[in-house]
There are 2 protein chains.
Amino acid sequence: MPRWKPDAVDRLQAAALELFGEQGFERTTVAEIAQRAGLTQRTFFNHFADKREVLFGLSSELQQEILREIAAGDDTLLPLDAVVRALGVAADRLFEDRRAAVARRHAVLAANPELQERELSKNAVLTEAIAAALNARGCDPETAFLAAGAAMVAQQVAFQKWTLPDEKRALRELLSDAVNSLRTTVSQPAGRS
Amino acid sequence: MPRWKPDAVDRLQAAALELFGEQGFERTTVAEIAQRAGLTQRTFFNHFADKREVLFGLSSELQQEILREIAAGDDTLLPLDAVVRALGVAADRLFEDRRAAVARRHAVLAANPELQERELSKNAVLTEAIAAALNARGCDPETAFLAAGAAMVAQQVAFQKWTLPDEKRALRELLSDAVNSLRTTVSQPAGRS
DNA sequence: AGGGTGACTGCACAAGCTGCAATCACTACT
DNA sequence: AGTAGTGATTGCAGCTTGTGCAGTCACCCT
């Protein structure tokens with residue numbers, strides 16, 4: 001008989017998502033989460049740097065996937081297209097078949113500004129990492145950051161639509177649409193100075 | 001003789017900026033800030049929702065300025081141009097003649113992830129507000145958000161250059177350059193499918 | 001059998017943050 | 001002048017987050 005039940009991290013993440021959903025992030029204490037997971041507060045902080053981090057277990061995996069796809073992409077792609085392709089592949093692999101779970105997490109995030117702050121922070125780190133990956137493919141740093149940032153803006157639009165209740169299209173398609181809209185919005189129409 | 005010295009908020013902001021610069025954000029306690037300002041911790045929290053907020057006094061003013069300029073802009077401008085013009089005007093009015101103060105604050109922010117998180121949050125709120133202002137001018141919501149987001153990405157690039165030690169150009173010019181680069185980066189070159 | 005590893009725990013404590021009640025100069029009204 | 005109300009500030013008690021440190025003990029390796 002093992003000394004401890006396995007998968008402590010998973011249990012903490014599951015307990016946190018449940019409790020945040022039931023009573024909200026602020027009204028849930030770390031001690032409560034740990035108790036529901038059959039652990040102690042101290043153990044929670046052994047696994048997560050702070051209370052919010054428990055909701056961001058996937059983001060590291062997501063980032064790795066995206067960076068790998070950028071590095072693996074066709075060399076002839078424009079920087080923006082390279083990022084968009086990578087985001088699409090990552091979305092297919094990590095999001096498309098877990099719509100319900102992603103939606104639950106999204107609902108919790110949407111209800112709490114502190115959690116949104118953390119999400120923005122993760123996105124900013126990801127944007128910088130994408131820019132660095134483009135740079136490694138020969139893109140100059142400024143263009144790399146602009147392409148990364150533009151792709152992330154389109155991604156936000158696409159994700160927001162993807163979470164609407166009756167949306168059936170794949171995130172990848174929505175992203176493609178959003179990028180097309182962005183191209184239209186940003187481009188200078190001919191005939192103006 | 002008045003019961004309290006005036007300008008409690010200003011004194012707290014000044015004391016905080018000094019202390020954060022001297023010993024860093026994390027190693028400065030709220031009690032210390034309040035003490036240097038001749039007040040108490042409790043009073044600090046009467047004026048600021050949390051410890052970080054003391055560094056973001058200008059952001060509300062900045063946002064108002066930007067939104068006003070968007071609303072006041074020429075109706076024939078493209079959405080992106082309307083935002084860029086407004087950001088340029090706001091930069092001229094609020095940043096250009098306080099380079100030193102802005103740089104000190106920027107140095108403090110750059111040294112601390114928690115503060116950067118808050119800054120990202122402010123930028124996200126600003127982006128949404130800009131999108132709403134564009135929407136009020138007749139722009140559809142998706143285009144509005146894309147234009148707002150694109151402008152903010154360009155703004156980030158421009159601001160980053162503006163804070164380099166030997167940069168002499170105005171933020172407005174750097175922003176204009178960044179937007180041009182963004183247009184190039186995002187646009188589909190002719191002759192590709 | 002014995003020693004090392006590593007996940008988990010308990011305890012003490014700093015610091016952020018909040019609710020509540022109290023103080024008291026200033027202001028306005030009578 | 002007297003009276004009442006306003007509002008910035010304060011003290012205090014308390015909860016929660018987060019950390020440092022030392023201890024336990026099943027498991028693994030030799």
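Order of the sequence lines sets the chain letters (A, B, ...), proteins ahead of strands, with each chain counted from 1.
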(request) Fill in the dot-bracket string of DNA chain D, one character per base: . for unpaired, | for a pair to another strand, ( ) or [ ] for pairs within the strand, taking Watson-Crick or G-U pairs under 3.5 Å. (result) ||||||||||||||||||||||||||||||
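Closest approach of A:A150 to A:L80, counting heavy atoms only: CB-CD1, 4.3 Å. Minimum interatomic distance between B:L78 and A:P189 (heavy atoms only, all atoms of both residues): CD1-CD, 3.3 Å.
A donor-acceptor contact closer than 3.5 angstrom links the side chains of B:T43 and B:T40. Checked by atom type, the side-chain pair A:D140/A:T143 shows a donor-acceptor distance below 3.5 Å. B:S121 and A:Q116 are not linked by any side-chain donor-acceptor pair at a separation below 3.5 angstrom, with hydrogens and angles left out of the test.
Placement of A:M152 and A:W162 within a single hydrophobic cluster is found when ILVMFWY residues are connected by side-chain heavy-atom separations under 4.5 Å, directly or transitively.
No cation-pi contact links A:K51 to A:F45, judged by a cut-off of 6.0 Å to the six-membered ring centre and 45° from its axis. B:R105 forms a cation-pi arrangement with B:F56, by the criterion of a distance under 6.0 Å to the ring centre and an angle within 45° of the ring axis.
Residue A:L12 contributes atom CG, which lies 11 Å from atom C1' of C:dC8 at whole-angstrom precision.
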(request) Using a 4.0 Å heavy-atom cut-off, write out nucleotides 7-19 of chain D from 5' to 3' as B (base contacted by protein), S (sugar-phosphate only) or - (no contact). (result) BBBBBB---SBBB
